[in-house]
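Structure record follows, encoded as structure tokens.
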Amino acid sequence: MAPQPTTTLLILGASGDLTARLLLPGIATLLRAEPDRRLRVVGADVRELDAADWRGRVQTALDAAEVSPAAAAAVLEHSRYVAADATDGDALRALIASLDCERLVIYFALPPQVTRLVCETLERVGVPSGTILAIEKPFGDSLGSARELNELVTRIVPEQRVFRIDHFLGLHTVLNLLGLRFTNRLLQASWDRGSIERVEVLYDETVTLEDRAGYYDRNGALRDMIQSHLLQIMALIAMEPVATVGERDLRDAVSTVLRAARVVDPVGHSRRARYTAGSVEGRPVPDYTREPGVDPARGTETLAEIQVEIANARWAGVPFVLRSGKSLGGVRKRAIVHWRPPAHVPDGFRGHDTADRFVIDFKPDGFELHLTTNGKGEPFTLEQTVLRGELGGGQLLPYGEVLGAILDADPRLAVRGDAAEECWRIVEPVLEAWRADAVPLEEYEAGSRGPRGWATSRY
């Protein structure tokens, strides 16, 4: 058997927080699971960083993941850091030429505006045949800019070699959703508008800004989470049955759902809020407007909610409610499918006031089936019984799964260009309504469930 080719992972923006906090630990868990993988890691950024500092960062990640000594030594031997401005054509050309690699992956751990400048430079200087571009979200900041960026990157490499990163869509999360959807007759028979009243995709976090005001205050919850991650999860929940779990079938099905999706009333079907001072898990949290780096005049939301409708025969009339926010009183990373009530409950039963529902949890992966049953000791009084199960989780951190797919040139976990554009199309009317102040910016105390008037804050 021929030896596996060596892949060079060139991380642009390597001195930043994303590389230290997510990329290097993700690489380390991948190498722990696959110690024979042939990988060279090269970091580059405008900031000067000496060899010992870079090596220490890589070593720390490898040690934390308990990578085998042989695999760790192989990576450290060839890992290096280069101080270079990737927006400068001569510097970027020299950097790529110095790699002398069999396969090249260029990872953009950069702000969106810098990513675009680097792509423009890459178009001028060219890349080796077979190069893969891996680009972090947000992919553009509007439908127009996403289209322009798509046109730009696909002039550099073919679409199949563009990986728009959505680390929320780890391999096991995607396969767990598809397995539940398409391998259980019980669910298949009732997965439509006839049986389902509404679907909620919720991502409540207890974390605050975590020194990310420079990014977050310019984007907010709608752009940061709903426009990318939650619309993709919605599409997986709502997609039509697929023939295979191959890249083309999956990504075609996701795009079909997104093309049919819209926010019917951007004012009435959207909400926004931001947190005031409070306490989260025992730690004091200041008012959002007093967080370091925040510009109060921007009116950035820290909690967003939209109601999406999917105009097709399966889902017409079923609202999909997507919500995400920070500094809330508890973690909720889940999708909730609310079944319609039965057409008739026999006379004589009491207490049937809670609809049955199916809950799919992310991180950790699991599910709950809430069913109406006869009460304990009082069989004529109905109550909810909860059946719980665990779903398979991977050995890797989310970024490890995503990086593994990139290094293997498997685009199933990447967002296709048309899907990225559709996500912006869906949220742009809401953003326009918010810019016009047609939707009030509400408030909620840090550590609470959110604004009291929101139905999604009640449970």
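Counting from 1, the numbers follow the sequence of the chain as shown.
Sorted by first and then second residue, the salt bridge (charged side-chain N to carboxylate O under 4.0 Å, His left out) pairs with a member in residues 374-390 read Arg350-Glu378, Glu368-Arg388, Lys376-Glu383; sequence neighbours excluded. The list of ring-ring contact (aromatic ring centres under 6.0 Å, His included) pairs with a residue in residues 238-275, not counting sequence neighbours, reads Tyr275-Tyr288.
With contacts defined as side-chain heavy-atom distances shorter than 4.5 Å, the pair Arg262/Pro429 does not qualify. Met239 places a side-chain heavy atom less than 4.5 Å from the side chain of Leu178. Residues Asn150 and Phe139 form a side-chain contact, since some pair of their non-hydrogen atoms from C-beta on lies under 4.5 Å apart. Taking the side chain as every heavy atom from C-beta outward, Arg259 and Asp418 approach each other to under 4.5 Å. Using a 4.5 Å cut-off on side-chain heavy atoms (C-beta onward), Ser228 and Pro138 make no contact. For the pair Tyr107/Thr19, no side-chain contact is recorded, criterion being any heavy-atom separation below 4.5 Å from C-beta on. Between Val75 and Val67, the closest side-chain pair of non-hydrogen atoms is not below 4.5 Å. The closest side-chain heavy-atom distance from Leu187 to Arg181 is not below 4.5 Å.
With hydrogens and angles disregarded, no donor-acceptor distance shorter than 3.5 Å links the side chain of Thr6 to the backbone of Arg38. Ser324 places a side-chain N or O within donor-acceptor distance of the main-chain N or O of Tyr203, the cut-off being under 3.5 Å. Between the side chain of Ser255 and the main chain of Arg251, a donor-acceptor pair closer than 3.5 Å is present. The backbone N or O of Leu250 lies less than 3.5 Å from no partner atom in the side chain of Arg412, so there is not a single donor-acceptor pair. In this structure, the side chain of Glu281 does not engage the main chain of Thr206 through any donor-acceptor pair within 3.5 Å. Lys137 contributes a side-chain N or O that, together with a main-chain N or O of Asp224, makes up a donor-acceptor pair within less than 3.5 Å. Here the side chain of Asp217 pairs no donor or acceptor atom with the backbone of Ala213 at under 3.5 angstrom. Between the Arg218 side chain and the Arg298 main chain, no donor and acceptor come within less than 3.5 Å of each other. Glu428 contributes a side-chain N or O that, together with a main-chain N or O of Leu143, makes up a donor-acceptor pair within less than 3.5 Å. Counting only distance, with no hydrogens or angles, the side chain of Arg449 and the backbone of Gly330 share no donor-acceptor pair below 3.5 Å.
Counted by atom type alone, Thr373 and Thr385 present one or more donor-acceptor pairs between their side chains at under 3.5 Å. The closest side-chain donor-acceptor pair between Ser270 and Trp434 falls under 3.5 angstrom. There is a side-chain donor-acceptor pair under 3.5 Å between Thr456 and Glu305. In summary, the side chains of Thr7 and Arg37 do not present any donor paired with an acceptor at a separation below 3.5 Å, with no hydrogens or angles considered.
Partners of Phe163 by ring-ring contact (aromatic ring centres under 6.0 Å, His included), not counting sequence neighbours: none found. Qualifying side chain to side chain contact (heavy atoms under 4.5 Å, CB included) partners for Ala260, counting only residues two or more places apart in sequence or in other chains: Ile310. With sequence neighbours excluded, the residues that form a ring-ring contact (aromatic ring centres under 6.0 Å, His included) with His229 are His167, Phe168. Annotation: side chain to side chain contact (heavy atoms under 4.5 Å, CB included) contacts of Gln384 (sequence neighbours excluded): Thr354, Asp356, Arg357, His370, Thr372.
At most 12 heavy atoms of other shown residues, nucleotides or ligands fall within 6.0 angstrom of atom CD in Glu66. Dense packing is recorded around CZ of Arg198, with more than 12 heavy atoms of other residues, nucleotides or ligands lying under 6.0 Å away. In the displayed structure, Arg435 atom CZ is contacted under 6.0 Å by more than 12 heavy atoms of other residues, nucleotides or ligands. Around the CZ atom of Arg185, the shell of radius 6.0 Å holds no more than 12 heavy atoms that belong to other residues, nucleotides or ligands. Counted within 6.0 Å of CZ on Arg248, heavy atoms from surrounding residues, nucleotides or ligands total 12 or fewer; the atom is thus considered open.
Arg314 has a carboxylate O that lies under 4.0 Å from a charged side-chain N of Glu240, or vice versa, which qualifies the two as a salt bridge. A salt bridge is defined here as a Lys NZ or Arg NE, NH1 or NH2 lying under 4.0 Å from an Asp or Glu carboxylate O, and Glu159 with Arg164 meets this definition.
Expressed to the nearest 0.5 Å, how far CG of Leu18 lies from CG of Leu24 amounts to 9.5 Å. A distance of 6.0 Å separates SG of Cys119 from CG of Leu133, quoted to the nearest 0.5 Å. For the atom pair CD1 of Ile132 and CZ of Arg103, the computed distance is 5.5 Å after rounding to the nearest 0.5 Å. Taken from OG1 in Thr8 to CD1 in Ile106, the straight-line distance is 10.5 Å, to the nearest 0.5 Å. Residue Ile27 holds its CD1 atom at 5.0 Å from CG of Leu9, rounded to the nearest 0.5 Å. In this structure, CD in Gln59 is found 10.5 Å from OG in Ser79, a value given to the nearest 0.5 Å.
Here the closest heavy-atom approach between residue Arg416 and residue Asp252 is recorded as NH1-OD1, 2.8 Å. Residues Leu209 and Tyr216 share a closest heavy-atom pair of CD2-CD2, 3.6 Å. For the residue pair Ala65 and Thr29, the shortest heavy atom distance occurs at CB-N, 4.0 Å. Considering every non-hydrogen atom in both Leu30 and Gly400, the closest pair reads CD1-O, 4.1 Å. Annotation for Ala438 and Val267: closest pair O-CG1, 3.6 Å, computed over non-hydrogen atoms. Taking both residues in full, the closest heavy atoms of Ser327 and Thr208 are given as OG-CG2, 2.9 Å, listed atom of the first, atom of the second, then distance.
Between Phe320 and Trp315, the ring planes are perpendicular. Angles over 60° get that label, and only those under 30° would be called parallel.
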> Run the side chain to side chain contact (heavy atoms under 4.5 Å, CB included) check on Met234 and Leu258 step by step: do they pass?
Replying inline: CA-CA 9 Å; Met234 180 199 77; Leu258 294 174; 4.3 Å; yes

